[in-house]
Amino acid sequence: METRPRSGTALVLELSQVSPVDRSRVGAKAANQASLLQAGFPVPDGVVLTSNAYVEFASMSAPDPSGERTAERPSGPELRHLLAEVLGVLGGEPVAVRSSGVAEDLPEASFAGQYETLLGVRGPDALEEAVRRCWASAASAHAVAYREGHRRGAAAMALLIQKMVAAEAAGVAFSANPVTGHRGEVLINAVRGLGDRLVSGEASPDQWVVRGSDSRCETSAEDAISAEQAQQIAEMARRVEAHFGAPQDVEWAIANGRLQLLQARPITALPEPAIEPIPVPVEVPPGFWFFDGSHGNSHVPIDRFLMELVRPCSRRWCEEFGYLFEGIEFRLIGGWPYQRMVPLGDREGPALPNWLMWVLVRTLPMLRRRVARAVEANRLDLPGRYIERWYREWQPQMAEAIARLRDVELSGLSDKDLLGHFGEARELMATGILIHMRLHGAMAPILRELVSTCEDLLGWDTARAMELVSGTSYKSTEPARNLRVLADLAARRPTVRSLLDYRGGDTLERLQAADNEFAERFSAYLHEYGCRALGHTTLGEVTMAENPSLVLSMISGQIELGYDPQQDFEDNARKRAEALREAETLIGDRPEDVRWLRRAVERAERAYPVREDNEFFCFSSPLALLRYAVLELGRRLVSRGVTDIADDVLYLEIDEAVAALAEDTDLRSLVRRRRGEQAWIDTHPGPPSYGMPPPGPP
């Protein structure tokens, strides 16, 4: 059913017809119900009188002495005819009429209780009266005051009309505990019969707390539901939360033994759960360890498997370049990240005099091999070869693997295939770490060659020499340039501009409702560039794709600052050209020195962009893919009742999580202890280093 007035704009839409672009005319409540119905949730069939019907038919009287308004009866039979069609679509009566304001259910303003809801409406006349009363609630004094207090504009009212559920029991379920903030607890209030007995305060509800597979009835005045039904309600609430990406307040009912979903809206002002800190013992391994703040401070237990990937990669890297140390090793000490340079043979000792090192380099086989390898790497120009391999081979291979793994629908994989996917992502991460190290080993001598050449020929310092290559990382600035395209589009569209500061869990749905073209381009941007971790070496931080509000803030910032990345790139290119002309002028009539300078600049221009460009392919994207796989593993542990929420998996070792997937081992007490330990770690940073500093390099 879709009825349109003379203007051609829909007055009535069935819930099954509502799309995200209709949100601005069906309101938040109806849009959410349509989204849930179409996702397979047990939502009663319904129709929506859109905000266009409100504009077409509703005429408000002047305020009475109490400040309230009423909806005057529209002239003519058009509305009655329309409502008769609605009853026909719903298959008769009774029905429920629920207001669905466009500004409802925002994170900062839920509008709960501000608008009218009428249940058990029978017959066309009663339905017309109910519709007029709901429309009138949009102009009531308390609704107007609420909107003004939350800086919302004029009311735009749609109505959701659904077949009444003859409830045997009804109530609300909070997918996170609204009192304690505990994300692993579902709080259920239940009464016998219709839920309006709960809303009106007529009945004292039963209260259930559900954690995983454990259901506990704390008060039982009504004896409305069983423990099994509490589990079913809790599971539905968790699924609704997963659907919208944020904790939800869910209205439910049970009719003929079947669970029905009547309404869902985000929980506002959810407190952070209190965590009791648990001290962590500080166990320092042998050797000299220094604090590694360059790769991020905050780490979670599951990050340990990432740190284990570094040492074999660094050993291979050191051997290829002939470095006189074994590699790099990372550890969490007292929960904080530390690293050390592993000496050859993994033995630390006192500094040796130069004459003895001179002898050892020529007599010890291990040192002789390393020095020979360093000479060979220099003779073969291994740095230049690795830079070219990046452009020709490594970058395309990493991009292809990232795109392939990024497009896998994880929820559709079997447990075995999910673990296989995780293994591929872990192998990609290891490959990325090795390539990253190789490239840094390659860039250092090439950039040093540029600096030395500028020192010898021009007397320039390092900062002046680097002006010859600054701003050449074109690939790393590609996301900013494409974001500018979105910023230019948003700047011309007021409906999009109004959402740039929105911080809700339904950002994409609201964008679709406001401007479908922009939403599609925005989604394409997230797909292409959002698969990147925001933290450098931790699975604990969300990716850009998981936080679209961050990207909206970046768009807002580009608009406000007038930032133009393309202009910035062109300005840098001009400055490089000016610096090169100045350098050649200073050299003057020495063609051999000019050729030497140009060679150093050309090699540096080829190498320098790789310094930043490889991070996306070698680190942040593989890390994001690992995070997605780990969180899917976490969701499966929740479904088995061994943890409370998907993020709990971050507080496990990877072997513990994989074992629990196969054995259904209850890990909730372990996770609670680890969260307590993390709370202690966050407030007890470690010292700059542990152990005795090693001697300087030979």
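Applying the salt bridge (charged side-chain N to carboxylate O under 4.0 Å, His left out) test between Arg211 and each of Asp644, Asp648, Asp666 identifies Asp644 as the sole match.
Residue Phe522 holds its CZ atom at 5.5 Å from CD1 of Ile555, rounded to the nearest 0.5 Å. Summarising the geometry, atom CZ belonging to Arg635 is positioned 7.5 Å from atom CG belonging to Leu410; distances are rounded to the nearest 0.5 Å.
A salt bridge is absent between Asp45 and Lys163: the closest approach of a Lys/Arg side-chain nitrogen to an acidic carboxylate oxygen does not fall below 4.0 angstrom. Remark: Glu251 engages Arg98 in a salt bridge, criterion side-chain N to carboxylate O under 4.0 Å.
Smallest separation of non-hydrogen atoms from Val97 and Ala130: CG2-CB, 4.1 Å. Here the shortest heavy-atom pairing between Leu15 and Ala30 reads CD2-O, 3.7 Å. Pairing each heavy atom of Thr643 with each of Gly634, the nearest pair is OG1-O, 4.1 Å. For the residue pair Val165 and Ala253, the shortest heavy atom distance occurs at CG1-CB, 4.1 Å. For the residue pair Met236 and Gln260, the shortest heavy atom distance occurs at CE-O, 4.1 Å.
A donor and an acceptor atom, one from each side chain of Gln207 and Thr219, are nowhere located under 3.5 Å apart. Thr543 and Tyr628 are linked by a side-chain donor-acceptor pair at a separation below 3.5 angstrom, with hydrogens and angles left out of the test. Side-chain contact annotation: Ser523 with Glu520, donor-acceptor N/O pair under 3.5 Å absent.
Because its NZ or CZ atom is both nearer than 6.0 Å to the ring centre of Phe41 and within 45° of the ring axis, Arg239 counts as a cation-pi partner of that residue.
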| said: Let's go through Gln33 and Val48 carefully: what are the C-alpha distance in whole Å and the side-chain angles of both, what is the deciding distance for side chain to side chain contact (heavy atoms under 4.5 Å, CB included) to 0.1 Å, and is it a yes or a no? | reply: CA-CA 11 Å; Gln33 286 294 88; Val48 186; over 6 Å; no
| task | Would you check, one step at a time, whether the test salt bridge (Lys or Arg N to Asp or Glu O under 4.0 Å) holds for Arg627 with Glu541? | result | CA-CA 9 Å; Arg627 174 176 165 83; Glu541 291 193 35; over 6 Å; no
| Residue pair Met554, Leu552: steps toward the side chain to side chain contact (heavy atoms under 4.5 Å, CB included) verdict | CA-CA 5 Å; Met554 293 163 62; Leu552 287 181; over 6 Å; no
| request: Applying side chain to side chain contact (heavy atoms under 4.5 Å, CB included), run through Ser99 and Met157 and close with a yes or a no. | output: CA-CA 7 Å; Ser99 303; Met157 176 65 71; 3.6 Å; yes
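Judged purely by atom type and a 3.5 angstrom limit, Ser51 has no side-chain atom pairing as donor or acceptor with the backbone of Tyr54. No donor-acceptor pair closer than 3.5 Å links the side chain of Glu85 to the backbone N or O of Leu82. The closest donor-acceptor contact from the side chain of Arg192 to the backbone of Glu222 lies under 3.5 Å.
Judged as a side-chain contact (heavy atoms from CB on, under 4.5 Å), and not counting sequence neighbours, the contacts of Arg640 are Asp415, Arg636, Val642, Leu661, Asp664. The side-chain hydrogen bond (donor to acceptor under 3.5 Å, both in side chains) test applied to Asp206 returns no partner, not counting sequence neighbours.
Residues Arg406 and His527 meet the side-chain proximity criterion, which asks for heavy atoms closer than 4.5 Å. The closest side-chain heavy-atom distance from Glu235 to Val210 is not below 4.5 Å.
Using the six-membered ring where Trp is involved, Tyr525 and Tyr529 have ring planes that are tilted, between 30° and 60° apart.
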